[in-house]
Amino acid sequence: MNIGTPFAVPHVCAEAQSDVSAQLRLLGTTDLHAHLLPYDYYADEDGRPYGLSRTATLISAARAEVANTMLFDNGDALQGTPVGDVTSQCSSGWSGPNPIIAAMNRLDYDAAGLGNHEFNFGLDWLGRALADATFPFTCANVVTHPGAGPEGSYLPPYLLLPRQLRGDDGQMHTLTLGVIGLVPPQIAIWDEAHLSGNLCAHDMVDTARAIIPKVRAAGADLVLLLAHTGIDTTAPRPMAENAALALAALPGVDAIMAGHSHDLFPLPARSSDGGGVDHARGTLHGTPALLAGAYGTHLGVMDLTLTRRAGRWKINGHHCELRAVAGPCAVAAAPDAEMSHAVRSAHSLTLRHMRRPIGLSTQRLHSYLALVRPDPSVAVVNLLQQRILSRAIAGTSLAGLPILSATPAFKTGGRGGPLNFSDVPAGPISLRHAADLYPLPNHLCGVPVTGAELRDWLERAAICFATQRPGRPEAMLRDPAVPGHDFDVIEGLSYQIDLSAPPRYDRNGALINAGAQRIRNLCFDRSPLRDTDRFLLATNTYRAQGGGAFLRTRRGAIAHVSKRLLRDEMAAEIAHTPLAPPENYSANWCFSPMPGNSVLLNTGPALRSDPAALAEVGAEDLGLTQDGFLRLRIPL
């Protein structure tokens, strides 16, 4: 891996110190999540509105428009689709370089940062993947031991990238760009199994504040943050997961590329959010900024107007925009032919793997209505988790505890768009269908819990819904700030969710309404749940370690962690028993009635092919939105 030379002062050619102007275009991708081609491996269909091969076409066009360009990636590139997962497994037979890195090499990236998902497959795998890169990586806030400074960082804490720019005078001039990579410190929790005893993560803002002056002193003319973190307008706090605003406000930051949240910034048609977020100007606290969505749906383009005066470069103007590869306002970018050909071997291997038959499904399972009803697609995952955990603890002291199971629907539209739903047909199914229901590389956990902890768990899950007010007959069901995959459903309990009550917690799990309770009539085995009741809860490693708005399980309290990936264990289970939800799953949960109120839900248009499901929730079809979602009106 080309890791750069972070501390050396670059050689600066002698140049006239007279005033000169130049234009520099910074291009950015983020959260590619191994989407190389516009291919949906779960639906086994081509032509999707995403993928780096489409983005590559936009990159070529953007480079051709101006003389001076640099290209960066902001992390979470290596994990996400089955391409990343299959080629990471020794048993798959893949022996070539990491296909995502190889594709990025072809595009001649100047540098990249890491995202939290880069650590999902362990440090040995990550080291091998990065070694395939012909461009440097940086990450400042991940170090080898708790007290380590930049000299103990896992990767170079910053990069110095000297570049020759063609000025407005037609001459070449040297500019050195300092690049600092940052990643959410929660990686130490989310991937504790891989990182404990090996790496530690520090606060992103504290790290950047300390290191920016060093980057300047080392010779950087301008400083760019590759900050794999989203835009959160709440008050800054230590070890924040989404800290782009606080980072952009630091002295010495000239530009920032954010990520992680899969949001889009800037969106000129959107009004400014306040608190330093200005979509019209494309700035966070006055600093030029980009957040280019996910999966290669957008290319971030940041144009900087530079002036060198008395030997120092300064930004005098900027323009930030996102270019979509497809969509209502964009002509779809054709996939780059050379890149598509280059990744064909990895694509073909992935297809063979995902098309492998594994069993049967007794009925169609989809997640189009998973946020409004007890959903069979969620119920089958919970049932599989219960079965797998039950076998794992057989003969142990935990065997006498009732086993409950918690899972969300992982694909519920939202920022992923109208195709981001699970849809498994009845009849023979293959590995791609199991991965459709469970797309993440998590492991199964068994967590001892009390009745009080279960109630709190459900309160945290229910924050994904917007508060509904009597007399306001129609409002959107979802809180757009909370992803649908934070809505855990616990199988084995029955309960109601009162949408007239405000959420008890915010998106980050902080208590905001101490007296609020959305969970009503919580029962186990038809009896009210007592705070002191004890259970064993089947969940995944991400949730047990505090992912989302949930509490981290106390150290040492997790009773079981599977060695194999949960989706692999599920596939093995399906091979022995047809996929079917439990008979009583429909009694799991419901919304508390609010006569006279309805909610609006954006879901996938393919739901129209299941009229029985629409009738079950009393849904009225309101047509398609501009973004291609099917909008439903559903009575409460």
Side-chain angles (χ1 to χ4, degrees), residues 361-363 365-367 369-393 398-399 401-412 422 424 434 437-438 440 442-462 464 484-497 518-529 533-544 547-548 550 553 559-560 562 566-567 569-570 573-574 577-591 616:
S361 178
T362 62
Q363 66 181 76
L365 303 167
H366 59 69
S367 63
L369 294 172
L371 297 181
V372 295
R373 65 169 186 176
D375 199 78
S377 73
V378 174
V380 294
V381 173
N382 268 328
L383 180 61
L384 291 171
Q385 289 185 164
Q386 284 178 309
R387 289 176 179 169
I388 296 166
L389 183 58
S390 178
R391 281 202 305 274
I393 65 165
L398 298 169
L401 289 176
I403 297 177
L404 308 178
S405 184
T407 192
F410 291 97
K411 301 165 74 173
T412 57
S422 299
V424 175
L437 293 173
Y438 207 100
L440 299 177
N442 297 324
H443 294 255
L444 180 68
C445 287
V447 180
V449 291
T450 65
E453 289 169 333
L454 289 171
R455 184 182 296 276
D456 185 74
W457 193 295
L458 291 170
E459 288 288 354
R460 293 174 186 276
C464 86
H485 60 247
D486 272 9
F487 178 54
D488 271 12
V489 170
I490 299 183
E491 183 69 34
L493 302 176
S494 62
Y495 50 97
Q496 293 182 334
I497 301 173
R518 284 185 161 181
I519 303 304
R520 311 286 188 187
N521 301 322
L522 180 56
C523 295
F524 170 70
D525 197 22
R526 296 187 294 277
S527 297
L529 188 73
D533 289 341
R534 296 177 64 243
F535 302 89
L536 190 64
L537 183 66
T539 184
N540 62 63
T541 42
Y542 174 74
R543 192 67 88 225
F550 294 78
T553 303
H560 169 78
S562 63
L566 177 51
R567 63 178 172 219
E569 292 197 285
M570 288 173 50
E573 186 73 20
I574 295 168
T577 306
L579 198 58
E583 292 182 3
N584 62 343
Y585 79 91
S586 60
N588 189 188
W589 69 275
C590 65
F591 293 125
E616 178 186 333

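Here the structure is a predicted model, which is why all the values come from computation and not from measurement.
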(message) Ignoring hydrogens, what is the shortest heavy-atom contact between Asp488 and Trp457? Give both atom names and the distance.
(response) OD2-NE1, 3.0 Å
(message) Which heavy atom of Ile574 sits nearest to which heavy atom of Ala434, and what is that distance?
(response) CD1-CB, 4.2 Å
(request) Looking only at non-hydrogen atoms, find the nearest pair between Ile388 and Met570 and report the distance. (result) CD1-N, 4.0 Å
(request) Quick one: pull up CZ in Phe410 and OG in Ser377 and give me the separation to the nearest 0.5 Å. (result) 10.5 Å
(request) Output the distance between atom CZ (Arg543) and atom CZ (Phe550), rounded to the nearest 0.5 Å. (result) 4.0 Å
(request) Please name the pair of heavy atoms, one in Cys464 and one in Phe487, separated by the smallest distance, quoted to 0.1 Å. (result) SG-CB, 3.7 Å
(request) Report yes if some heavy atom in the side chain of Asn584 is under 4.5 Å from a heavy atom in the side chain of Glu491; otherwise report no. (result) yes
(message) Considering only residues two or more places apart or on different chains, which pairs with a residue in residues 401-412 satisfy salt bridge (Lys or Arg N to Asp or Glu O under 4.0 Å)?
(response) Lys411-Asp436
(message) Set out, in order, the CA-CA distance, both residues' side-chain angles and the distance that settles side-chain contact (heavy atoms from CB on, under 4.5 Å) for Leu566 and Thr541, then state yes or no.
(response) CA-CA 10 Å; Leu566 177 51; Thr541 42; over 6 Å; no
(message) Using a 3.5 Å distance criterion without hydrogens, assess whether the side chain of Tyr542 forms a donor-acceptor pair with backbone atoms of Gly548.
(response) yes
(message) Check whether Thr553 reaches the backbone of Ala544 with its side chain - one donor and one acceptor, N or O, closer than 3.5 Å.
(response) yes
(message) Can you list everything that forms a side-chain contact (heavy atoms from CB on, under 4.5 Å) with Thr412? Sequence neighbours excluded, please.
(response) Leu371, Ala409, Arg478
(request) Using atom types as modelled and distance alone, determine if a side-chain donor or acceptor of Ser562 lies under 3.5 Å from a backbone N or O of Leu444. (result) yes
(message) Checking Asn521 now: which residues fulfil side-chain contact (heavy atoms from CB on, under 4.5 Å) with it, not counting sequence neighbours?
(response) Gln496
(request) Answer yes or no: is there a side-chain heavy-atom contact under 4.5 Å between Pro408 and Asp486? (result) no
(request) Please name the pair of heavy atoms, one in Ala580 and one in Val380, separated by the smallest distance, quoted to 0.1 Å. (result) C-CG1, 3.5 Å
(request) Determine yes or no for a side-chain-to-main-chain donor-acceptor pair under 3.5 angstrom, with Thr362 supplying the side chain and Leu579 the backbone. (result) yes
(request) Can you measure from CZ (Arg567) to CG (Asn540) and round to the nearest 0.5 angstrom? (result) 12.0 Å
(message) Holding to side chain to side chain donor-acceptor pair (under 3.5 Å), I want the full list of residues that pass it with Asn382, two or more places apart in sequence or in another chain.
(response) Ser405
(request) Grab the two heavy atoms, one from Leu536 and one from Gly446, that are nearest each other, plus how far apart they are. (result) CD1-C, 3.8 Å
(message) Can you list everything that forms a ring pair (Phe, Tyr, Trp, His ring centres under 6.0 Å) with Phe591? Sequence neighbours excluded, please.
(response) Phe465, Trp589
(request) To the nearest 0.5 angstrom, please state how far the CG atom of Leu440 sits from the NE2 atom of His485. (result) 8.0 Å
(request) Please round to the nearest 0.5 Å and tell me the distance separating atom CG of Leu454 and atom CZ of Arg534. (result) 12.0 Å
(message) Checking Ala462 now: which residues fulfil side-chain contact (heavy atoms from CB on, under 4.5 Å) with it, not counting sequence neighbours?
(response) Ile497, Arg518, Ile519
(request) Please test Ile393 against Ile403 for side-chain contact (heavy atoms from CB on, under 4.5 Å), starting from the C-alpha separation and ending with a verdict. (result) CA-CA 10 Å; Ile393 65 165; Ile403 297 177; 3.8 Å; yes
(request) Taking salt bridge (Lys or Arg N to Asp or Glu O under 4.0 Å) as the test, write out the residues that go with Glu459, two or more places apart. (result) none
(request) Could you name each residue pair satisfying salt bridge (Lys or Arg N to Asp or Glu O under 4.0 Å) that touches residues 370-384, not counting sequence neighbours? (result) Arg373-Asp375, Arg373-Glu616
(request) For Tyr495, check side chain to side chain donor-acceptor pair (under 3.5 Å) against everything at least two apart and list the hits. (result) none
(request) Only counting residues at least two apart or in another chain, list the ones meeting side chain to side chain donor-acceptor pair (under 3.5 Å) with Ser494. (result) none
(request) State which residues pass side chain to side chain donor-acceptor pair (under 3.5 Å) with Arg391; sequence neighbours excluded, sorted by chain then number. (result) Glu573
(message) So Leu493 and Leu458, do their side chains get closer than 4.5 Å, heavy atoms only?
(response) yes
(message) What's the separation between atom CG in Leu401 and atom CG in Leu537, rounded to the nearest 0.5 Å?
(response) 11.5 Å
(message) Holding to side-chain contact (heavy atoms from CB on, under 4.5 Å), I want the full list of residues that pass it with Asp533, two or more places apart in sequence or in another chain.
(response) Leu529, Arg530, Phe535
